Structure formats: C-alpha cells, structure tokens
Amino acid sequence: MSVETSTLLDGLNVDLAHEYQAIVMYNTYAAAVTGIHRKELQAFFLEEVADEFEHAKFLADKITALGGTPVTSPAEVRFTTDPREMLESVVKAESETVDRYVYRMKQAQEYGDYGLASTLDAMIADETRHKEESEKLLRGQWG
Ligand SMILES: [Fe+2]
Ligand SMILES: [Fe+2]
C-alpha cells in the first residue's frame, strides 16, 4: 500500500500544529507556574521550548519541500496555574506526540522518504525524554 503525498502532508500539518501547541504550552506554563517549585519548573518548561521550536522549524520546512502549506495555528492548550495539572498536561501531550511520530515514521517509510523517517526517529527520542522527565518531576514532588 502506498502513501499519497497529500496524506503525508495532512499528517505533518497535524504534527506541526501540535509542535506549536507544545511551544505555547511550555511558554505559558513557564510564565504562569506558582508555588514553592516555581523556579525549577519555569527553567524546565523553558528548556523544552527550544527542542519544540527545532521540531516546528523542521516540520514547516519539510511541508513546504513536499509542496504543501504549513498550518499557522497551534492545537489548543489547556490553561492552569497548578503545577501538578501542568505536568499532567505535559505528560499527556508528550505521550500523544510520541504515538503520532511513531505512526508518522512508518508512514514516511511507506512513502519512501527515509530522511524524514530518520528525523522523526530522532524526534521520538526527544519527545520520549520530555515525557520521562515530566513523569519524574510529577513523581518526585507529589508522591
Ligand atoms: Fe516536539
Ligand atoms: Fe516535546
């Protein structure tokens, strides 16, 4: 079964909207986080933004290389000032992103773009690290 360019482009645009979501989420949470752990959580959130921006740059570039139009709006971000809720939202978003990239990597292989598949493989490693770090923060601070 072969993958159409338009199908791959639709998928990559979903991925891009979620990278923009991650950027907005981390930046918003860094600004809004309250409590005794504010400083360390703020630093953690801002550190993640840099990775997500690299991912967004790559995806927008790839979409235009394949002849598509990159989306310009992020997927929705849930606002909260509660650190625990922030970390839970982060773990959920990162887990869903890992699943999305595993699927997209297989799609890229079927499509025959092994360079894309290889970059997605590296992005899976980044998102897995984000997920695991957030899980550890959740565990360490609230049991
Ligand atoms: Fe990302
Ligand atoms: Fe991430």
Side-chain angles (χ1 to χ4, degrees), residues 3-35 37-143:
V3 174
E4 298 287 330
T5 306
S6 61
T7 306
L8 183 60
L9 279 169
D10 287 348
L12 290 171
N13 260 321
V14 172
D15 299 337
L16 179 57
H18 283 87
E19 288 296 343
Y20 286 145
Q21 176 197 50
I23 292 168
V24 172
M25 176 180 70
Y26 283 126
N27 192 51
T28 303
Y29 289 177
V33 67
T34 55
H37 301 297
R38 172 175 159 74
K39 280 283 174 201
E40 62 198 271
L41 285 174
Q42 183 186 45
F44 171 71
F45 291 143
L46 290 178
E47 211 175 288
E48 308 299 83
V49 172
D51 281 352
E52 311 300 13
F53 184 54
E54 287 303 312
H55 298 163
K57 274 198 291 191
F58 168 78
L59 289 172
D61 244 1
K62 190 70 202 183
I63 288 163
T64 54
L66 290 170
T69 306
V71 292
T72 53
S73 302
E76 207 184 322
V77 175
R78 188 162 151 262
F79 182 80
T80 175
T81 57
D82 179 72
R84 188 193 177 100
E85 280 180 19
M86 286 178 181
L87 287 168
E88 284 170 352
S89 289
V90 166
V91 169
K92 184 170 180 288
E94 296 289 356
S95 304
E96 288 171 357
T97 298
V98 169
D99 292 346
R100 213 181 299 110
Y101 285 153
V102 170
Y103 181 82
R104 199 75 58 225
M105 188 181 71
K106 290 175 185 163
Q107 226 178 13
Q109 281 165 348
E110 267 187 60
Y111 180 77
D113 190 334
Y114 299 107
L116 173 58
S118 164
T119 304
L120 287 167
D121 191 47
M123 285 161 67
I124 290 167
D126 288 345
E127 311 296 17
T128 300
R129 184 165 38 78
H130 298 164
K131 173 179 164 285
E132 289 176 351
E133 283 299 318
S134 313
E135 282 171 343
K136 283 182 189 174
L137 284 173
L138 257 179
R139 245 185 260 157
Q141 299 189 32
W142 293 277

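When a ligand or atom number is given, it counts from 1 through the structure's own listing order. Remember, it's a predicted structure, so these values are computed and weren't measured experimentally.
The heavy-atom pair separating Arg38 from Ala31 by the smallest distance is NH1-O, 3.4 Å. Taking every heavy atom of both residues into account, Ser134 and Val90 meet most closely at OG-CG1, 3.1 Å. When every heavy atom of Thr34 is checked against every heavy atom of Pro83, the shortest pair comes out as O-CG, 3.3 Å.
In this structure Lys57 satisfies the salt bridge (Lys or Arg N to Asp or Glu O under 4.0 Å) test together with Glu54, sequence neighbours excluded. For the ring pair (Phe, Tyr, Trp, His ring centres under 6.0 Å) test, residues two or more places apart in sequence or in another chain that qualify with Tyr29 are Phe45.
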Just distance, no hydrogens or angles: give the donor-acceptor pairs under 3.5 Å from side chains in residues 112-126, sequence neighbours left out.
{"unit_1": "Asp113", "atom_1": "OD1", "unit_2": "Gly115", "atom_2": "N", "d": "3.4"}
{"unit_1": "Asp113", "atom_1": "OD1", "unit_2": "Leu116", "atom_2": "N", "d": "2.9"}
{"unit_1": "Asp113", "atom_1": "OD2", "unit_2": "Lys62", "atom_2": "NZ", "d": "2.8"}
{"unit_1": "Thr119", "atom_1": "OG1", "unit_2": "Gly115", "atom_2": "O", "d": "3.2"}
{"unit_1": "Asp126", "atom_1": "OD1", "unit_2": "Arg129", "atom_2": "NH2", "d": "3.1"}
{"unit_1": "Asp126", "atom_1": "OD2", "unit_2": "His55", "atom_2": "NE2", "d": "2.8"}

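If you look at the Fe ion (ligand 2), the protein N, O or S atoms less than 2.8 Å from it are Glu52 OE2, Glu94 OE1, Glu94 OE2, Glu127 OE1, His130 ND1.
Look at Glu19 and the Fe ion (ligand 1): an N/O/S atom of the residue is under 2.8 Å from the metal.
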